[in-house]
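Quick note: numbers below take in every heavy atom, side chains included, and nothing from hydrogens, waters or symmetry partners.
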There are 2 protein chains.
Amino acid sequence: MIAAWERTIVPADPLVRRLSAFGSLGPAEIDLLRDAIQRPVSVASRFEVSTAAGKGRQALLLVSGWAARQRVLADGRRQIISFVLPGDFVSFSLHREPLRYASTVALTPAVVAEADMLLEACIAQDYATPLASTMRTVAAAEDALLAHQVTRLGRQTAYERMSHLLLELRERLSLAGIEPGDSFTLPIIQEMLADALGLSVVHTNRTLQQLRRDGLIRMSGMKVTLVDAAALAALSDYVPITRLVGRS
Amino acid sequence: MIAAWERTIVPADPLVRRLSAFGSLGPAEIDLLRDAIQRPVSVASRFEVSTAAGKGRQALLLVSGWAARQRVLADGRRQIISFVLPGDFVSFSLHREPLRYASTVALTPAVVAEADMLLEACIAQDYATPLASTMRTVAAAEDALLAHQVTRLGRQTAYERMSHLLLELRERLSLAGIEPGDSFTLPIIQEMLADALGLSVVHTNRTLQQLRRDGLIRMSGMKVTLVDAAALAALSDYVPITRLVGRS
DNA sequence: CGCCGGGTTGAATTATCTCAACCTGGGTGG
DNA sequence: CCACCCAGGTTGAGATAATTCAACCCGGCG
């Protein structure tokens with residue numbers, strides 16, 4: 001499998017699209033992005049991403065599939081810290097060694113690739129390049145998402161949390177150029193949603209049903225449609241990511 | 001007040017101590033730290049830190065007092081994202097403009113100071129200096145704390161959350177060289193604890209009482225004593241910060 | 001065919017919240 | 001100097017959100 005991938009052109013598009021949403025990139029930067037993504041490796045669902053990708057990588061990019069940063073308590077309770085979507089970095093810069101407090105696991109079959117060259121390109125010239133500037137904005141956006149996750153868990157009801165998360169996922173997929181619009185594929189089981197929202201599986205299920213009954217969302221199979229995104233945003237106090245970080 | 005402070009030697013000690021805990025600093029670095037902290041400003045309790053400090057600052061350090069990053073929902077519900085203790089950065093690098101998704105407010109009378117020079121010292125030489133390396137570790141530790149906050153809120157009971165938070169505060173104060181040992185001053189009212197833990201004030205109160213009744217903590221005035229830190233750590237699955245980030 | 005992962009449902013239980021009252025000590029104005 | 005006042009802590013009791021446990025259903029697949 002790895003061999004097969006290595007001969008394939010890696011789709012850098014999610015990354016390119018996402019970065020374009022956070023800063024203006026010229027053709028030179030885009031070429032650099034395409035070159036910087038190397039040695040893709042596929043990871044089976046539920047397996048740890050960094051183990052599969054090998055040690056020592058400084059920057060790891062999720063090319064396709066979904067993953068999650070998670071922390072597991074001693075008694076087995078699991079909390080998903082954040083979802084990692086295509087075009088997101090699994091890890092970036094800063095931390096040399098794998099972090100001990102959280103692991104990143106694939107939620108679906110996924111492909112990750114090294115992006116160390118990208119990291120180096122950012123460091124060059126004291127972080128003064130347009131690319132580095134864009135990456136800073138991306139980092140700020142990630143920070144904002146974490147702050148929102150904390151607020152969701154600490155101060156919102158199940159109904160609000162679910163609405164908020166669905167809106168976030170929709171926007172992030174949209175920014176990465178995957179499924180723009182009000183429908184998207186939710187390739188994860190309800191247990192994973194529950195672990196992200198700090199809820200039991202049963203209550204997650206009932207909350208989704210309530211949203212359906214209220215006509216706010218529609219679901220069929222893995223497809224979710226946000227029927228009334230405005231209402232979802234209003235009830236859950238959702239602020240679009242693009243309005244959180246300073247887009248010039 | 002500002003004038004008075006400007007003529008005073010600024011205590012850089014919390015910063016120095018904290019950084020020393022995350023990397024080895026030579027006398028040169030320590031001198032640099034002392035010089036880098038400039039123009040301290042005092043902030044009254046409940047006021048926003050960045051407003052008080054003036055705009056455009058890239059790196060802002062909390063010199064004394066407690067502060068908190070928080071997000072307030074439209075209906076007034078408040079969530080504290082993270083506590084900012086002496087020696088912590090209110091903001092650092094990355095974000096040029098003030099972030100729109102969270103504000104940092106003083107929880108007690110506090111003093112903040114600019115640390116832009118420190119930022120510049122880090123950027124120099126492509127982040128290859130010992131100081132930059134230490135700062136990277138500090139950033140990783142902050143990241144770990146946020147992951148823990150998410151896990152606390154999502155998957156722990158009130159009792160566990162409180163234990164976990166008290167242990168975290170104790171360790172952080174200890175690392176900054178403020179009140180090492182099992183006792184420390186908790187200069188905030190229960191409402192703020194509640195907003196950090198995602199609980200109501202009433203339940204926060206009762207949870208503290210329960211911990212006291214169980215002989216795990218003792219409180220008198222603002223002083224908290226962790227009577228049985230080991231038990232608290234065991235019940236709340238607490239992992240010391242120093243074990244989370246790669247201390248060499 | 002039969003199993004199994006994942007979704008759905010019901011009913012009892014529990015954690016936590018809300019509301020409302022009361023208490024306390026330190027500060028303040030008369 | 002005393003009476004009041006207020007922020008913050010504490011208590012009780014009823015209400016509610018969410019959990020747990022257990023069962024059942026369904027479609028895909030070996």
- Message: Nearest to the A158(A) side chain among dT20(D), dA18(D), dG9(D), which nucleotide is it?
- Response: dA18(D)
- Message: Please give me the minimum heavy-atom distance between A106(A) and A44(A), naming the atom from each residue.
- Response: CB-O, 3.6 Å
- Which atoms form the tightest heavy-atom contact between A229(B) and D182(B), and what is the distance? CB-OD1, 4.3 Å
- Task: Please identify each residue that fulfils side chain to side chain contact (heavy atoms under 4.5 Å, CB included) with A234(B), with sequence neighbours left out.
- Result: none
Do any side-chain atoms of residues 185-198 of chain B form donor-acceptor pairs under 3.5 angstrom with protein atoms, and if so which ones, sequence neighbours left out?
unit_1: T185(B); atom_1: OG1; unit_2: E179(B); atom_2: OE2; d: 2.8
unit_1: Q190(B); atom_1: OE1; unit_2: N205(B); atom_2: ND2; d: 3.1
unit_1: D195(B); atom_1: OD1; unit_2: R155(A); atom_2: NH2; d: 2.8

- pair I81(A)-L146(A): side-chain heavy atoms closer than 4.5 Å: yes
- Query: Under a 4.5 Å cut-off applied to non-hydrogen side-chain atoms, are R17(A) and L175(A) in contact?
  - Reply: no
- Verdict with supporting geometry, T207(B) and R161(B), side chain to side chain contact (heavy atoms under 4.5 Å, CB included): CA-CA 10 Å; T207(B) 304; R161(B) 286 182 217 178; over 6 Å; no
- Query: Is the backbone of F83(A) close enough, under 3.5 Å, to the side chain of R172(A) for a donor and an acceptor to pair up by distance?
  - Reply: yes
- Message: Donor-acceptor check, side chain of S200(B) to backbone of H203(B), threshold 3.5 angstrom: yes or no?
- Response: yes
- Which residues within residues 184-199 of chain A lie with some heavy atom under 4.0 Å of an atom in DNA chain C? I189(A), Q190(A)
- Can you list, by residue number, the residues of residues 208-225 of chain B that have a non-hydrogen atom closer than 4.0 angstrom to DNA chain C? none
- Any side-chain donor near an acceptor of the partner, Q210(B) and R213(B), under 3.5 Å: yes
- Query: Just by distance, with hydrogens left out, do Q149(A) and R152(A) show a side-chain donor and acceptor under 3.5 Å apart?
  - Reply: yes
- Message: Using a strict threshold of under 4.0 Å (side-chain N to carboxylate O), is an ion pair present between R69(B) and D88(B)?
- Response: no
- Message: Can you give me the dot-bracket string for DNA chain D, 5' to 3', counting Watson-Crick and G-U wobble pairs with both distances under 3.5 Å, using [ ] for crossing pairs and | for partners on another strand?
- Response: ||||||||||||||||||||||||||||||
- Message: Applying a 4.0 Å non-hydrogen cut-off, can you work out what V202(A) is touching in the nucleic acid: base, sugar-phosphate, or nothing?
- Response: base
- Just call it for R46(B): base, sugar-phosphate, or nothing, with non-hydrogen atoms closer than 4.0 Å on any strand. sugar-phosphate
- Message: In whole Å, I'd like the distance from the CE atom of M162(A) to the C1' atom of dA18(D).
- Response: 13 Å
- Would you mind reading off the distance between N205(A) atom CG and dC24(D) atom C1', rounded to a whole angstrom? 13 Å
- Item | Polar pair under 3.5 Å, donor/acceptor by atom type, side chain R206(B), base dG12(D) | yes
- Task: For DNA chain C, note the earliest and the latest nucleotide, 5' to 3', having some atom under 4.0 Å of a heavy atom belonging to chain A.
- Result: dG6(C) to dA11(C)
- Message: To the nearest 0.5 Å, what is the distance between CG on L216(A) and CG on L208(A)?
- Response: 11.5 Å
